[in-house]
Amino acid sequence: MSLPQDVREALETLQSVAATPFAQSDTIPPLLYRSEDVHKLELERIFAKEWLCPGLAADIPNAGDYITFAMGDQPVFVMRGKDGVIRAFSNVCLHRMMQLVEGSGTCRNKIVCPYHAWTYDTEGHVICAGHMGGRDPLFDKKKYSLPQLRVEIWEGWIYITLNPDAPPVASLLADLLPVVERYAMPGYIPVVHHDHVWKTNWKLLNENFMEGYHLPVAHKATVGAWFPVEDTEFPADVHDAFTYQTFTKDENAKYGRAHESNTRLQDKWRFTSILPTVFPTHMYVLAPDHLWYLSLRPKGVGEVHVRFSVALAPEVHAALGHTRDQWVKELVDFFDRVNAEDKFVVEGIFTGSKAPLASRGPLSWLEREIHDFACYLAKRLTVDL
C-alpha cells in the first residue's frame, strides 16, 4: 500500500511499540490519531473485518424489535425475528437504496421503506413491492431478500461482522469467559440506551476507557472518589482479541457492589468490577449490581459515534420496584456527569494530538491495556510494511 512517508514512519513506530515490553514502552505516535490515511487503513483492515457490537440481545427482546448500527459506510439493522432468532441486515432498500429504519424500536413484524413502501418481513424477505408488475408482468418479489451479515451471540452480547472468514466470537473470547460468566450477564436488564457523537479519534476514547490512572483526577467528583487505585489488577497473559482489568469498589460506593439478594457472587467478587475491552471498539464495566457499555464507530478521523447503555442486575431491577424510575434517573444523571468528564478529556487529547510539538510519553503501570491495544493495532495495520 502506498502511504506518505510520515505515516509509514508512524506505523513503523507502532510496530516498535508493540515489540517493546510493556515496562519499557511509550505511547503510540500522535500522527496515528489525526491521519486520514490511517483512518482509511483502519476502515479497511479493522472495521470491515472484525466483530463489532451493536448492543445486548436483551435490547431487542420481542419479535420485530430492532437496533441500528453502521460498519464503516454500511448501515445495518439488527432484528429479532418471529422465530426468536436475531439477524443482522443491510439497512438499505433493494429498490432505490433508501435507508429503511433509524434508531431503535419495533416494526410490528414488517419493515416498510419510507420511500416507495417496499415491505420486508423480519427475515428480510420482500413481501410487498407495489406497482412493479406494470413494467414487468413476471416480476417476482420472492426473489428479493436483504443481504444478511454474520451474527453471533456471546454472553448476552450481539456481535456482527462483514467478514465471512472471521473466527467465531466464542473462540476469540474463550479466555474471557471464565472471568465474566460468574456475573451471569445475559440476565442483566437494559434500562438506558443513548447515542452521542464526540469530537475525538476513536482510539483515544478506547485508551481512556482502558486505564484507571485518570479516575482519581478527571473523575474525582464522581467514580474516582470510590476507586482504590492500588487494587487494580491485570491478567498475566496478553490476548489478541481483548484485554481487561479488575478493580474494587469500597463500602462508600453508591454503585458497584452486590445486592444483598445476589447469590451468584462470593467473597471479593461481591465488590469487584471487570472492565473488558473487546477489540476493536466494545468496552464495558461489568459490576455486581449493573453494567454499562460503550460501542464506538468512527465517523471520521476526529468524530466518533458513541453508543452508551446501562443494564441492571436482575435482583437490583426487581428490588427497586416502584422506586425504579427515580433510581434509574439518578443513575443516568450520575453517568451523564461521568461521560461529560470523559468527553472533556478525550476531545482535549485529540486537540493536543494535532499540535506540532505533541510527542509520545511513557506509560504508567495503570496503563497496561493501552500497550495491549497498541499490539492489536500493530498486528492489523502494519502487516505489509
Side-chain angles (χ1 to χ4, degrees), residues 47-48 51-154 156-164 166 169 186 189-197 281-282 293 295-297 299 305-309 311:
F47 292 96
W51 291 98
L52 304 180
C53 179
L56 289 160
D59 288 328
I60 46 174
N62 304 309
D65 290 349
Y66 67 86
I67 50 177
T68 57
F69 201 65
M71 310 178 79
D73 291 330
Q74 176 61 59
V76 175
F77 69 92
V78 182
M79 174 177 288
R80 189 180 292 272
K82 288 186 289 185
D83 56 2
V85 175
I86 292 176
R87 299 177 178 87
F89 301 97
S90 168
N91 191 11
V92 179
C93 185
L94 297 172
H95 175 222
R96 293 275 299 282
M97 299 179 293
M98 178 63 186
Q99 188 165 301
L100 292 167
V101 290
E102 295 181 329
S104 60
T106 186
C107 69
R108 297 185 180 179
N109 299 325
K110 65 181 181 181
I111 305 140
V112 181
C113 178
Y115 196 14
H116 297 102
W118 274 42
T119 305
Y120 303 82
D121 64 19
T122 59
E123 285 74 51
H125 307 304
V126 174
I127 57 175
C128 181
H131 303 289
M132 296 301 295
R135 184 186 70 89
D136 180 5
L138 299 179
F139 176 82
D140 183 4
K141 62 180 179 290
K142 295 180 180 178
K143 294 181 178 179
Y144 295 86
S145 296
L146 292 170
Q148 290 195 40
L149 289 73
R150 287 179 64 192
V151 179
E152 294 187 10
I153 311 298
W154 184 86
W157 296 106
I158 304 168
Y159 288 98
I160 59 177
T161 184
L162 293 166
N163 182 3
V169 173
I189 300 169
V191 293
V192 175
H193 183 95
H194 292 162
D195 287 326
H196 308 283
V197 174
T281 56
H282 179 213
Y293 74 88
S295 185
L296 313 181
R297 52 190 194 270
K299 292 171 64 69
H305 189 287
V306 181
R307 176 155 292 171
F308 167 77
S309 293

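- Both tests do not hold together for R297 against F47: distance to the six-membered ring centre under 6.0 Å, angle to the ring axis within 45°.
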Item to complete: In sequence, state the C-alpha distance, the side-chain angles, and the governing distance for C113 and H95, and then conclude on side-chain contact (heavy atoms from CB on, under 4.5 Å).
Response: CA-CA 9 Å; C113 178; H95 175 222; over 6 Å; no
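- Using a 4.5 Å cut-off on side-chain heavy atoms (C-beta onward), L94 and V126 make contact.
- Of all the heavy atoms in A48 and L162, the pair that sits closest is O-CB, 3.7 Å.
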Quiz item: Hey, mind stepping through R96 and H116 against side-chain contact (heavy atoms from CB on, under 4.5 Å) and telling me if it holds?
Solution: CA-CA 9 Å; R96 293 275 299 282; H116 297 102; 3.8 Å; yes
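- Taking both residues in full, the closest heavy atoms of M79 and C107 are given as CE-SG, 3.4 Å, listed atom of the first, atom of the second, then distance.
- When all heavy atoms are compared, the tightest approach of K82 to A63 is CA-CB, 3.8 Å.
- The ring of F89 has its center no closer than 6.0 angstrom to the ring center of Y66.
- Heavy atoms only, all atoms of each residue included: R87 and V151 are closest at C-CG2, 3.9 Å.
- With rounding to the nearest 0.5 Å, the separation of OH in Y293 from NE2 in H193 is 5.5 Å.
- Residue I160 comes nearest to A88 through the heavy atom pair CG2-CB, 3.8 Å, listed as atom of the first residue, atom of the second, then distance.
- Using modelled atom types, one finds no donor on one side chain facing an acceptor on the other under 3.5 Å when comparing H282 with S295.
- Under the 4.5 Å side-chain criterion, counting only non-hydrogen atoms from C-beta, V76 is not in contact with L52.
- The heavy-atom pair separating V169 from E152 by the smallest distance is N-OE1, 2.8 Å.
- We find the CE-OH distance between M98 and Y115 to be 8.5 Å, quoted to the nearest 0.5 Å.
- The CG atom of D59 sits 8.0 Å away from atom OG of S104, with the distance rounded to the nearest 0.5 Å.
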(request) Tell me, with the steps shown, if T161 and L149 meet side-chain contact (heavy atoms from CB on, under 4.5 Å). (result) CA-CA 6 Å; T161 184; L149 289 73; over 6 Å; no
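- The CD1 atom of I60 lies 10.0 Å from the OG1 atom of T106; values are rounded to the nearest 0.5 Å.
- Counting only distance, with no hydrogens or angles, the side chain of N91 and the backbone of V101 share a donor-acceptor pair below 3.5 Å.
- For the residue pair E102 and T68, no side-chain donor N or O sits within less than 3.5 Å of a side-chain acceptor on the partner.
- R80 contributes atom CZ, which lies 4.0 Å from atom CD1 of I86 (distance to the nearest 0.5 angstrom).
- With rounding to the nearest 0.5 Å, the separation of SG in C93 from CD in Q99 is 11.5 Å.
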Where do V92 and L100 land on the side-chain contact (heavy atoms from CB on, under 4.5 Å) test, with the steps shown first?
-> CA-CA 6 Å; V92 179; L100 292 167; over 6 Å; no
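- For D73, the CG atom sits in a loose shell: 12 or fewer heavy atoms of surrounding residues, nucleotides or ligands are nearer than 6.0 Å.
- Note: Y120 and W118 have tilted aromatic rings, judged against thresholds of 30 and 60 degrees for the angle between ring planes.
- For R307 (side chain) and P54 (main-chain N/O), a donor-acceptor pair under 3.5 Å exists by modelled atom type.
- For OH of Y144, the number of neighbouring non-hydrogen atoms (other residues, nucleotides, ligands) closer than 6.0 Å is 12 at most.
- A donor-acceptor pair under 3.5 Å links the side-chain atoms of R150 to the main chain of P164, judged by distance alone.
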